[in-house]
Number of protein chains: 2
Amino acid sequence: MTPQDNTASQDGRRRAPQHLTSAGKKILSVASQLFYEQGIRAVGVETIAEESGFTKKTLYDCFGSKEDLIVAYLRARDDQWRSILVDHVDRHGGPASEKLLATFCALRNWTCTRSSRGCAFVNASAELPEGHPGLEVGREQKAWFLTYLEELAARGGAQDPSYLAAQMLILHEGACVAHSMHTIDQPFERTEEIARILVENAFAH
Amino acid sequence: MTPQDNTASQDGRRRAPQHLTSAGKKILSVASQLFYEQGIRAVGVETIAEESGFTKKTLYDCFGSKEDLIVAYLRARDDQWRSILVDHVDRHGGPASEKLLATFCALRNWTCTRSSRGCAFVNASAELPEGHPGLEVGREQKAWFLTYLEELAARGGAQDPSYLAAQMLILHEGACVAHSMHTIDQPFERTEEIARILVENAFAH
DNA sequence: CAGATGGTACACCGATCGGTTTATATGCAA
DNA sequence: TTGCATATAAACCGATCGGTGTACCATCTG
């Protein structure tokens with residue numbers, strides 16, 4: 001529950017980006033940006049090394065393989081989104097129903113600042129072959145998020161928390177895609193309006 | 001409006017897969033499956049040639065480049081989804097409001113038979129670099145779909161057709177992702193239930 | 001019969017991929 | 001002072017990438 005603890009939570013398995021060399025941190029940060037903006041397969045380790053100002057040797061000393069670097073990238077993104085989401089929702093006062101709606105505001109903020117090309121885990125699952133350990137990170141991320149929504153819904157006294165959570169999740173995914181594909185205007189606002197209707201329904205007595 | 005015409009519509013620009021050699025058709029069909037199931041960048045032209053039983057030379061005689069083959073793949077998928085959607089909705093009797101809901105049934109059928117790994121255009125936009133002609137195919141596809149939803153909504157006398165269409169689009173995208181990521185059970189049923197609520201709201205007097 | 005057309009088989013191209021190796025230099029801690 | 005950890009620089013590896021060239025063969029059409 002401490003501030004720096006809100007990303008290490010829920011379950012036993014957890015990451016370890018903190019005991020990275022400063023070179024490792026820089027490489028991971030550069031790799032994350034390139035992977036997200038150009039696609040994982042589109043970016044070679046050579047490019048990552050050059051862009052980060054370190055050698056390929058150093059990269060391999062820090063991460064072992066491109067596969068492990070990809071996993072580190074996805075874990076780091078997972079961490080960032082979790083903490084941004086939780087922070088935003090926690091700061092948002094009001095009943096749990098309002099907190100549920102605040103998740104869409106968090107999504108809009110997150111998306112507009114550093115996530116304009118859709119969900120990194122959805123993108124990764126389009127690129128990575130079956131069995132790649134990065135896919136497991138994505139599954140964990142989605143499962144965690146669904147559980148988080150469920151807890152919010154339950155805390156607010158929704159009639160069917162898991163049902164409402166599933167609805168919210170569909171909306172999140174939809175907003176994310178609609179935004180990244182530029183199909184409609186103001187996708188987050190439109191989505192939050194849908195969510196408001198569903199939330200009101202779910203909390204009706 | 002003739003049966004074989006329902007994919008060549010709307011605007012001037014249109015494809016031409018019909019004047020493909022039988023070898024070309026086979027190559028395109030194999031490439032489509034591999035591109036969709038493993039990702040575009042993950043599949044090399046060598047593999048496509050081998051799997052389809054033709055030579056790389058023949059592949060290049062038919063399509064010119066991998067880039068053009070990718071575009072042909074996306075166009076073909078666009079065609080297939082459009083005709084399946086329109087067929088399904090046309091066969092579905094009832095008022096336009098019911099036809100709007102039928103689009104989710106069409107999506108479920110399409111997805112469960114040959115589209116279990118999410119939207120090909122969303123996946124492509126995660127993989128392809130900016131400026132790739134395949135991205136334009138995706139934009140056209142989404143724009144067409146939005147217009148199609150809008151026309152259905154307008155025909156049914158919705159209060160704000162473009163607003164309702166945007167809502168429906170968000171739901172389609174969300175259902176697609178939720179299904180391909182296996183995050184929740186019965187995503188299409190859950191999504192259609194949301195849609196029903198929105199449609200009822202939109203047609204309320 | 002002549003000549004496109006559509007195909008096979010296969011060697012070959014330069015570039016890039018992920019990954020390794022060797023040898024060297026620096027800075028910090030016992 | 002010794003020694004380890006963290007770097008650098010750069011050559012190198014086999015494999016695969018997208019794409020080309022050449023030579024030959026079948027079939028259909030005028």
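Not measured: the values here are computed from a predicted model. The sequence lines fix the lettering, A, B, ..., with proteins before strands; numbering per chain opens at 1.
The distance between atom CG of B:Leu69 and atom P of D:dG18, rounded to the nearest whole Å, is 10 Å. Between the CD1 atom of B:Ile70 and the C1' atom of D:dG18 there is a distance of 11 Å, rounded to whole Å. Between the C1' atom of C:dG7 and the CD1 atom of B:Ile27 lies a distance of 10 Å, rounded to the nearest Å. One interatomic measurement links the two molecules: CG of A:Leu34 to P of C:dG18, which rounds to 12 Å at whole-angstrom precision. Atom-to-atom, CG of A:Asp68 to C1' of C:dG19 comes out at 13 Å; the value is rounded to the nearest Å.
The closest donor-acceptor contact from the side chain of A:His179 to the backbone of A:Ala175 lies at 3.5 Å or more, if one exists at all. B:Lys99 places a side-chain N or O within donor-acceptor distance of the main-chain N or O of B:Val89, the cut-off being under 3.5 Å. Side-chain atoms of B:Thr47 do not come within 3.5 Å of backbone N or O of B:Val43 as any donor-acceptor pair. Without hydrogens or angle criteria, B:Glu127 side chain to B:Arg41 main chain gives a donor-acceptor distance under 3.5 Å. B:Thr113 places a side-chain N or O within 3.5 Å of a backbone atom of B:Trp110 that can act as its donor or acceptor partner. Although no hydrogens or angles enter the test, the distance criterion places no donor-acceptor pair under 3.5 Å between the side chain of B:Arg82 and the main chain of B:Arg77. In this structure, B:Ser65 contributes its side chain and B:Asp68 its backbone to a donor-acceptor pair below 3.5 Å.
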B/S/- along nucleotides 25-30 of chain D (protein heavy atoms under 4.0 Å) is ------
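Every residue two or more places apart in sequence or in another chain that forms a side chain to side chain contact (heavy atoms under 4.5 Å, CB included) with A:Ala166 is listed here: B:Ile184. A:Asn109 meets the side chain to side chain contact (heavy atoms under 4.5 Å, CB included) test with A:His88, A:Cys105; sequence neighbours excluded.
Side-chain polar atoms of B:Gln80 and B:Arg114 form a donor-acceptor pair below 3.5 angstrom.
Of the residues in residues 42-64 of chain A, those with a non-hydrogen atom less than 4.0 angstrom from any atom of DNA chain C are A:Val43, A:Gly44, A:Val45, A:Lys56, A:Lys57, A:Tyr60.
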Would you list the atom pairs, donor with acceptor, under 3.5 Å between side chains in residues 186-196 of chain B and any protein atom, with sequence neighbours excluded?
unit_1   : atom_1 : unit_2   : atom_2 : d
B:Arg190 : NE     : B:Glu193 : OE1    : 3.2
B:Arg190 : NH2    : B:Glu193 : OE2    : 3.2
B:Thr191 : OG1    : B:Pro187 : O      : 2.5
B:Glu193 : OE1    : A:Tyr163 : OH     : 2.1

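Secondary structure note: stems in DNA chain D built from 3 or more consecutive Watson-Crick or G-U wobble pairs under 3.5 Å occupy C:1-30 with D:1-30.
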